[in-house]
Structures are given as structure tokens and as C-alpha cells.
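Just so it is clear, the structure is predicted and the values come from calculations on it, not from any experiment. Note on naming: letters A, B, ... go to the chains in the order of the sequence lines (proteins, then strands), and numbering restarts at 1 for each one.
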2 protein chains.
Amino acid sequence: MRVLPHPSVGDLRLTEILRALSDPVRLEIVVRLAAAGELTCTGAGHDLGVHKSTASHHYRTLREAGVVMTKQEGRLNYMSLRRDDLEARFPGLLASVLSSASRADPEPTAPGGDTGPAAARVPAGADAGR
Amino acid sequence: MRVLPHPSVGDLRLTEILRALSDPVRLEIVVRLAAAGELTCTGAGHDLGVHKSTASHHYRTLREAGVVMTKQEGRLNYMSLRRDDLEARFPGLLASVLSSASRADPEPTAPGGDTGPAAARVPAGADAGR
DNA sequence: CGTATAGTTGGATCGTTGTCAAACAATTAG
DNA sequence: CTAATTGTTTGACAACGATCCAACTATACG
């Protein structure tokens with residue numbers, strides 16, 4: 001059974017974590033993990049609207065950033081958030097991101113009913129010479 | 001006097017904000033703004049280790065993500081964090097990122113002594129075997 | 001006016017990233 | 001063993017992003 005490399009707590013980099021969370025697909029995965037606790041890749045990637053391999057790359061990005069932990073059991077990979085590690089290194093960060101994610105508009109990720117709030121356009125009347 | 005376009009509060013996107021904060025140079029700028037309240041571009045970009053125009057592009061990224069507000073006065077551009085707007089849309093997010101940034105290793109951004117809180121090196125002895 | 005200051009804009013370059021498709025690997029079921 | 005399930009890896013490709021340089025705009029100062 002292969003052991004996937006995870007960064008240790010001391011190696012967690014704020015910018016890499018923010019970067020990992022800044023993709024709609026990955027953020028959705030993180031939100032699902034926060035709700036479910038532990039998911040297989042299939043569970044976490046269900047209806048994400050991206051190809052299986054794309055999702056796999058996102059799992060890797062999240063893992064290498066230290067956001068998730070992946071445990072391989074048989075043919076299933078169980079993913080979970082590294083809540084404690086993240087909390088130890090960056091207290092409150094994950095919680096506030098998750099809380100923000102629940103307040104955010106549904107990102108264009110899951111096809112199920114995220115038609116969006118009719119695109120409130122920016123005023124932007126003052127367009128300066130662009 | 002030109003008015004730069006800023007996204008309205010309702011248009012703030014979590015992933016774009018996280019993306020804007022996920023660059024070491026931009027995060028450093030944000031940290032400086034948090035400490036100073038308001039800075040000119042020259043002030044915010046002092047000793048960042050990047051070219052003037054690169055910094056300018058970062059200002060734009062931060063502005064378009066809704067993280068900073070830029071006010072033009074004469075030939076100076078004053079930048080400040082959109083604390084209230086960010087707090088209204090994503091409560092606690094900015095605070096936790098700033099708090100995390102102060103805990104983080106000094107990113108390879110400011111070579112010399114920056115205005116920040118006392119660059120403390122982390123031991124980083126425990127390597128997870130990557 | 002001419003010059004200095006403050007910052008933006010527009011290439012150009014080069015590395016990174018998100019995506020899909022197809023092949024592959026590993027485990028489990030028949 | 002054969003096939004199905006689960007996920008990764010590799011390759012290709014377009015899009016993005018960070019950077020520098022040069023040119024440009026706009027204000028201020030002499």
C-alpha cells in the first residue's frame with residue numbers, strides 16, 4: 001500500500017493553502033469534506049463537473065498544500081480535512097474560510113442549480129481610459 | 001482625476017479574494033496595509049523585491065479582487081484595505097488571514113528588514129519525507 | 001517650458017495551472 | 001483468470017500569471 005506524502009505541520013505555507021483554496025472546484029471539495037468528515041475521492045468529486053483525472057489533480061493539490069489527508073484503504077482513498085493541523089498552524093483560518101464559503105454565492109462548480117443570482121452587474125460607470 | 005473601478009461588496013468573490021491573497025508579494029502588501037492603514041503605492045511596494053510595474057500589477061489584482069481600495073490624490077495613489085466591506089461579506093476572513101500571516105514564515109518577499117513583526121525563523125526540522 | 005516624481009500600460013517571456021483523454025495500476029468481485 | 005471499480009499518471013494544450021523592460025500619462029516643481 002503506497003503512502004502518500006503529506007507536508008508536516010511545520011511545512012504548511014499560508015500562501016499555498018490560500019492558493020489551494022482559491023479554486024472553486026477545490027473549495028467545493030473542501031466544503032464537502034467539512035460537512036462529511038471523510039469521503040472517498042468518488043464521494044468528494046461527485047457532480048463536480050470536471051473529469052475524473054482533473055479531480056484527481058485537485059486532490060493532489062489539496063494534499064500537497066496540507067489541506068487534506070488521504071488514507072488509502074483497499075481501492076478506496078479516504079480524504080479528510082487536516083483540521084487539527086491547520087488549526088495548530090493557522091488558528092481560525094479554516095473556520096473562517098468555511099464560514100465564508102457558506103456565505104458565498106454558489107461558485108460555478110456543481111451543475112446542480114447554481115444559476116447564480118442574476119449577475120448583479122457592477123456599476124463601473126467611471127471607466128477611466130482603459 | 002481618474003476613478004479606478006472597484007467591485008461592489010456584493011460582487012466580492014471568495015475564491016478571487018483567496019487567490020489575490022495567495023501570492024507572497026500581495027500578501028505582504030496586505031500585511032503592510034493592515035499595519036499602516038493607508039499607504040501610497042511607493043510605500044506599500046517599498047523593498048518588495050519586484051519591479052515597479054510588477055508591483056503595480058499586484059495592486060490591480062488586489063483592487064479587482066476587492067481587497068484594497070485605491071484613492072488617487074494628485075500624483076499619489078493611496079491604498080487601503082477594504083476592511084469593512086470584506087467584513088460585511090466574509091466576516092472574520094481577513095482577520096484570520098492577517099493573524100495567520102503574522103504566524104507564517106517570512107515569505108521570500110521582503111529581503112531586508114520589513115515593517116512586519118520580527119521575522120522569526122521556524123526550525124523546520126521535522127521533514128515528512130518528501 | 002523642462003524636469004522630476006508616481007504610477008500605469010503594453011509587450012515579451014517563461015513558468016504554472018486547469019482541463020480532458022487515454023493509458024495505467026491496484027484492488028475487489030464473479 | 002477475467003472483468004469491474006477506483007483512482008492515478010502521463011501527455012497535450014490552452015489559459016493564466018508573475019516578471020521585467022520600455023514607453024507612456026499625469027501631477028508637481030523649478
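- E38(B) is linked by a salt bridge (Lys or Arg N to Asp or Glu O under 4.0 Å) to K71(B), counting only residues two or more places apart in sequence or in another chain.
- Projected onto DNA chain D by closest heavy-atom contact, R63(A) and R75(A) fall at different nucleotides, the more 5' of which corresponds to R75(A).
- Taking atom CD on Q72(B) and atom P on dT27(D), their separation rounds to 9 Å, with Å as the unit.
- For S102(A), the side chain to side chain contact (heavy atoms under 4.5 Å, CB included) test picks out no residue, with sequence neighbours left out.
- Under 4.0 angstrom from either OP1 or OP2 of dT8(D) there lies at least one side-chain N or O belonging to N77(A).
- S96(A) pairs by the side chain to side chain donor-acceptor pair (under 3.5 Å) definition with S96(B), not counting sequence neighbours.
- Scanning DNA chain C for stems, defined as runs of 3 or more consecutive Watson-Crick or G-U wobble pairs whose donor-acceptor distances all fall under 3.5 Å, gives the following ranges: C:1-30 with D:1-30.
- Taking the salt bridge (Lys or Arg N to Asp or Glu O under 4.0 Å) definition, one finds that R19(A) meets it with nothing, sequence neighbours left out.
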| Just by protein heavy atoms under 4.0 Å, how would nucleotides 11-21 of chain C read 5' to 3' in B, S and -? | ------SSBBB
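- Donor-acceptor pairing under 3.5 Å is lacking for the side chains of R60(B) and S56(B).
- In this structure D85(A) satisfies the salt bridge (Lys or Arg N to Asp or Glu O under 4.0 Å) test together with R82(A), sequence neighbours excluded.
- Separating the OH atom of Y59(B) from the C1' atom of dT9(C) is a distance of 15 Å, rounded to the nearest angstrom.
- For the side chain to side chain contact (heavy atoms under 4.5 Å, CB included) test, residues two or more places apart in sequence or in another chain that qualify with H51(B) are S53(B), T54(B).
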All N/O donor-acceptor pairs, side-chain side in residues 74-81 of chain B, below 3.5 Å, sequence neighbours left out:
none

